[in-house]
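To keep things clear, I will list the structure first and then write my remarks on it.
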Amino acid sequence: MRRFSWFNATSLTLGFAFLYMPMIILIVYSFNKSKLVTVWAGFSTKWYGELLSNQAMLDAAWVTLKVAVISSSIATVLGTMAAYVMVRSGRFFGRTLFSGMIYAPLVMPEVITGLSLLLLFIGLNVDRGVTTIVLAHTTFAMCYVSVVVSSRLVSFDQSLEEAALDLGCSPFQAFRLVTLPIIAPAVISGWLLAFTLSLDDLVIASFTSGPAATTLPMKIWSSVRLGVSPEINALSTIMIALVTLGVISASLISKQQAVRQKREERAAERTS
């Protein structure tokens with residue numbers, strides 16, 4: 001067993017400092033009383049109040065959440081269906097083309113994806129707004145969902161599904177009652193990944209949005225171009241806090257599920 005040397009400790013400290021020191025500085029300066037983000041003038045929470053009274057920022061946050069929830073939900077359904085076809089259908093005509101169409105957005109630059117979708121919407125004479133952003137985010141997010149779910153389906157024991165079919169279930173019932181609960185963690189992970197990608201997207205939303213639909217990353221980008229304001233620091237701090245709470249909650253839920261599963265396994269062993 002290797003000892004924890006000073007070199008390892010120094011490397012670990014520098015690595016974490018490089019990752020998290022900018023966030024810590026941002027959080028500290030979100031409580032700065034001064035309007036200048038580089039000059040500390042005392043502790044104050046007034047910028048959080050200014051943020052809550054900024055209607056344009058609140059509208060952008062609402063649009064972003066609405067787009068993220070809708071697009072990630074649609075992408076999860078379509079991505080799960082695509083993964084099921086890829087894993088369970090075996091060799092079929094057009095499989096190579098189908099898999100290429102699924103994985104292409106993963107390696108395609110976002111600028112190309114956004115520009116192609118923009119030209120598509122213009123060609124179809126579709127007014128750009130929330131609907132076009134949802135369609136665009138669904139297009140590239142479903143690919144990530146498909147990869148996550150297919151990796152779980154590859155290791156899935158098909159004998160469980162076959163047993164359900166032998167007991168009288170229809171294929172849909174076997175999928176709903178047996179397969180879906182088992183692959184549910186992968187489906188939820190795919191939804192969370194799609195939700196995160198939608199929240200974080202700037203390039204594709206810039207191409208597919210309209211004057212009446214501005215997402216939060218677009219609003220932040222337009223504000224930062226004129227100079228970083230303390231309201232942006234406050235907004236970023238709130239987002240960091242929400243992400244931290246989400247990660248902690250997910251970790252606690254996973255730990256509780258693991259403990260409950262071990263308890264059930266021990267109870268099953270005692271019964272047997």
Side-chain angles (χ1 to χ4, degrees), residues 65-108 113 131 134-199 201 246-272:
L65 288 175
K66 182 167 60 174
V67 168
V69 171
I70 297 175
S71 63
S72 58
S73 300
I74 299 175
T76 300
V77 174
L78 297 178
T80 302
M81 293 170 61
Y84 192 85
V85 171
M86 288 292 298
V87 175
R88 294 296 180 85
S89 297
R91 304 297 302 180
F92 58 89
F93 179 75
R95 177 186 172 87
T96 303
L97 178 61
F98 181 72
S99 60
M101 293 175 64
I102 291 176
Y103 298 128
L106 295 175
V107 297
M108 191 76 67
T113 303
T131 303
V134 169
L135 293 176
H137 285 187
T138 302
T139 301
F140 76 87
M142 64 171 291
C143 308
Y144 292 90
V145 176
S146 178
V147 171
V148 174
V149 176
S150 61
S151 64
R152 180 64 184 92
L153 283 172
V154 168
S155 59
F156 180 80
D157 188 3
Q158 296 189 30
S159 62
L160 300 175
E161 230 178 40
E162 294 173 355
L165 294 174
D166 292 338
L167 293 173
C169 288
S170 64
F172 178 75
Q173 289 176 333
F175 174 81
R176 181 173 61 88
L177 299 175
V178 178
T179 306
L180 188 58
I182 295 177
I183 66 172
V187 175
I188 296 173
S189 299
W191 188 92
L192 292 174
L193 179 59
F195 183 81
T196 304
L197 291 172
S198 179
L199 286 180
D201 177 66
V247 171
I248 294 174
S249 301
S251 300
L252 292 176
I253 292 173
S254 299
K255 185 176 181 180
Q256 290 178 355
Q257 289 180 346
V259 172
R260 184 174 58 185
Q261 184 178 359
K262 289 182 179 179
R263 189 183 301 116
E264 291 176 353
E265 290 177 354
R266 292 174 181 175
E269 290 176 356
R270 292 172 184 174
T271 303
S272 59

Donor-acceptor pairs under 3.5 angstrom involving side-chain atoms of residues 181-189: please list them, not counting sequence neighbours.
{"residue": "S189", "atom": "OG", "partner": "P185", "partner atom": "O", "Å": "2.8"}

Distance-only donor-acceptor hits, side chain of residues 134-145, under 3.5 Å, sequence neighbours excluded:
{"residue": "H137", "atom": "ND1", "partner": "S198", "partner atom": "OG", "Å": "2.8"}
{"residue": "H137", "atom": "NE2", "partner": "D201", "partner atom": "OD2", "Å": "2.9"}
{"residue": "T138", "atom": "OG1", "partner": "V134", "partner atom": "O", "Å": "2.7"}
{"residue": "T139", "atom": "OG1", "partner": "L135", "partner atom": "O", "Å": "2.7"}

Atom pairs and distances, donor-acceptor, side-chain atoms in residues 99-107, under 3.5 Å, two or more places apart:
{"residue": "S99", "atom": "OG", "partner": "R95", "partner atom": "O", "Å": "3.1"}
{"residue": "S99", "atom": "OG", "partner": "T96", "partner atom": "O", "Å": "2.9"}

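Contact detail for W191 and V69: the closest heavy-atom pair is NE1-O, 4.3 Å. Taking both residues in full, the closest heavy atoms of A174 and L165 are given as CB-CD2, 3.9 Å, listed atom of the first, atom of the second, then distance.
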Run the side-chain contact (heavy atoms from CB on, under 4.5 Å) check on L65 and F195 step by step: do they pass?
CA-CA 9 Å; L65 288 175; F195 183 81; 4.2 Å; yes
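Here the CD-CG distance, from E161 to L177, works out to 11.0 Å after rounding to the nearest 0.5 Å.
Residues V87 and V149 are not in side-chain contact: their nearest non-hydrogen atoms beyond the backbone lie 4.5 Å or more apart.
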